[in-house]
*Asks:* 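Mind looking over this structure? Questions follow.
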Amino acid sequence: MIISWNTTNQCNMSCRHCYRDAKEAHPEELNTKEAKALIGQIAEAGFKIMIFSGGEPLMRSDIFELIQYAAAHKLRPVLGSNGTLITKETAYKLKEAGAMGIGISLDSMNPDKHNQFRGMKNAWEWAVRGMEYCKQAGLGFQIHTTVMDWNYHEVLEITDFAEKIGAAAHHIFFLVPTGRAANIKEEFLSAEQYETLLTDIVQKQKYVNIEVKPTCAPQFMRIAKEQGVSFRFSKGCLAGISYCIINPKGDVQPCAYLDKPIDNVRRTPFSEIWRTNSVLQELRTMDYKGKCGTCIYKRLCGGCRARAAFYNEGDYMGPETLCLFDGGK
């Protein structure tokens with residue numbers, strides 16, 4: 001099971017698609033003591049992988065202490081970062097603290113395009129520099145790419161770059177219109193582009209020695225099965241089933257893009273939220289509506305629950321609108 005904690009809302013970038021609308025730290029962010037209590041509850045709930053994300057997690061002053069604390073609780077600490085703050089010293093400190101890997105954002109092979117999207121000069125150069133420092137420190141890293149209509153045709157080129165530079169994986173994020181991303185919907189892919197790119201990604205996995213994984217496009221599991229390509233994953237959308245996210249001030253959501261706080265860890269211990277919350281229990285039934293409910297790949301794919309909520313007036317059990325498959329009926 002995987003959990004992501006937005007450690008802070010503070011960020012040194014102004015990314016055009018940020019679901020957290022990150023920039024300044026939130027005044028009610030969990031402090032070190034509260035964060036350690038949360039980590040203990042996450043371990044108690046049976047989670048294995050803990051993602052420290054943001055904002056930019058490296059802007060949190062106690063991040064190394066918290067990573068070390070998570071590792072001591074038998075969690076596998078990893079980070080989601082824009083990579084620009086990874087100095088040689090930082091990479092070694094992350095490794096020494098017990099970090100097991102870091103995902104670094106790279107959205108284009110054209111530095112100017114990446115920098116414009118991320119709202120920061122030199123973002124591309126510094127992110128790639130961070131990857132090299134991680135490699136020197138023996139800290140595994142992977143590349144994260146957000147897909148838009150303007151970088152759609154270079155995604156697989158980034159996969160080749162990821163393999164060449166020594167990344168362990170290339171994870172490709174398909175946007176959901178939440179946070180700042182709601183303002184750039186015209187740059188999203190169409191359903192037809194989704195299907196084409198997902199098919200290309202699945203085929204690409206045959207020819208590279210790193211993991212290539214679409215995120216927030218669970219229909220890739222159906223395409224992989226149809227194409228006879230094996231992935232290590234058992235289900236597409238994990239929201240509320242074996243994954244959830246906690247925001248900087250302790251609100252729990254089924255996933256990062258399903259903007260539906262269901263409780264707060266200051267009010268209810270996380271382990272109790274995970275075990276008893278009614279929204280999470282409903283997601284685990286997989287009693288989806290529309291074509292997702294009758295689809296032969298329902299349990300393999302599950303449809304993106306965040307996208308279902310956005311396009312179905314908040315109904316997170318509704319059908320996934322950007323899937324072309326008719327359900328197999």
Side-chain angles (χ1 to χ4, degrees), residues 4 6-26 51-60 79-86 102-131 142-159 161-162 170-191 193-194 197-198 201 213-217 245 247-248 253 255-260 304 306-307 309-311 321-322:
S4 181
N6 297 136
T7 59
T8 180
N9 206 61
Q10 187 176 9
C11 190
N12 60 328
M13 286 187 171
S14 299
C15 301
R16 295 178 61 220
H17 66 300
C18 181
Y19 68 86
R20 194 55 71 200
D21 195 16
K23 192 60 179 178
E24 304 297 332
H26 194 284
I51 304 169
F52 291 82
S53 64
E56 172 50 56
L58 292 176
M59 297 191 78
R60 184 162 173 136
L79 287 86
S81 171
N82 61 46
T84 63
L85 300 179
I86 303 174
I102 185 167
I104 298 175
S105 301
L106 198 74
D107 303 302
S108 177
M109 291 308 300
N110 182 319
D112 289 339
K113 289 183 179 180
H114 174 83
N115 296 347
Q116 183 179 13
F117 186 55
R118 294 283 166 177
M120 183 182 184
K121 185 180 179 181
N122 297 323
W124 194 96
E125 176 188 354
W126 293 345
V128 173
R129 179 192 63 186
M131 297 175 198
Q142 61 189 45
I143 289 179
H144 292 171
T145 298
T146 298
V147 183
M148 309 291 290
D149 61 355
W150 53 265
N151 66 352
Y152 168 72
H153 294 293
E154 59 175 314
V155 167
L156 300 186
E157 184 182 354
I158 301 173
T159 300
F161 175 79
H170 183 204
H171 285 199
I172 301 155
F173 289 73
F174 289 73
L175 272 175
V176 178
T178 187
R180 290 186 199 140
N183 299 320
I184 54 172
K185 289 182 287 186
E186 68 280 359
E187 298 180 36
F188 286 20
L189 302 188
S190 66
Q193 288 173 314
Y194 265 62
L197 182 55
L198 288 172
I201 291 169
K213 181 188 180 296
T215 298
C216 296
I245 192 166
N247 76 10
Q253 298 175 205
C255 88
Y257 306 103
L258 180 49
D259 190 13
K260 183 179 178 62
C304 175
R307 201 172 287 112
F310 183 85
Y311 290 105
T321 56
L322 290 181

*Asks:* Between Glu154 and Ser108, is any pair of side-chain heavy atoms under 4.5 Å apart?
*Replies:* yes
*Asks:* For Gln193, which residues count as a side chain to side chain contact (heavy atoms under 4.5 Å, CB included) partner, sequence neighbours excluded?
*Replies:* Tyr152, Leu189, Ser190
*Asks:* Would you say the side chain of Val155 lies within less than 4.5 Å of the side chain of His170, judging by non-hydrogen atoms?
*Replies:*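 Contact flag for His170/Val155 side chains = yes.
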*Asks:* For Ala306, enumerate each residue passing the side chain to side chain contact (heavy atoms under 4.5 Å, CB included) test, keeping only those at least two apart in sequence or located in another chain.
*Replies:* Val176, Cys255, Tyr257, Leu258, Cys304
*Asks:* Tell me, please, which residues at least two apart from Asp259 pass side chain to side chain contact (heavy atoms under 4.5 Å, CB included).
*Replies:*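 For Asp259 the side chain to side chain contact (heavy atoms under 4.5 Å, CB included) partners, ignoring immediate neighbours, are Thr178, Gln253, Pro261.
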*Asks:* Mind checking what makes ring pair (Phe, Tyr, Trp, His ring centres under 6.0 Å) contact with Phe117, not counting sequence neighbours?
*Replies:* His17, Trp150
*Asks:* Does either side chain, that of Glu56 or that of Asn12, offer a donor lying less than 3.5 Å from an acceptor on the other one?
*Replies:*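 Side-chain D/A pair, Glu56 to Asn12: absent.
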*Asks:* By ring pair (Phe, Tyr, Trp, His ring centres under 6.0 Å), which residues pair with His144, not counting sequence neighbours?
*Replies:*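 Per chain and number, His144 pairs via ring pair (Phe, Tyr, Trp, His ring centres under 6.0 Å) with His171, Phe173.
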*Asks:* Side chains of Leu322 and Phe174: does their closest heavy-atom pair fall under 4.5 Å?
*Replies:*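 Side chain of Leu322 against side chain of Phe174, heavy atoms only: no contact under 4.5 Å found.
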*Asks:* Any luck finding a side-chain donor-acceptor pair between Asn6 and Ser53 under 3.5 Å?
*Replies:* yes
*Asks:* Could you check whether any side-chain heavy atom of Tyr311 comes within less than 4.5 Å of a side-chain heavy atom of Pro177, counting everything from C-beta outward?
*Replies:* yes
*Asks:* Taking side chain to side chain contact (heavy atoms under 4.5 Å, CB included) as the test, write out the residues that go with His153, two or more places apart.
*Replies:* none
*Asks:* What I'd like to find out is whether the side chain of Trp126 reaches to under 4.5 Å of the side chain of Met120, using heavy atoms alone.
*Replies:*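 Yes - at least one pair of side-chain heavy atoms lies under 4.5 Å apart.
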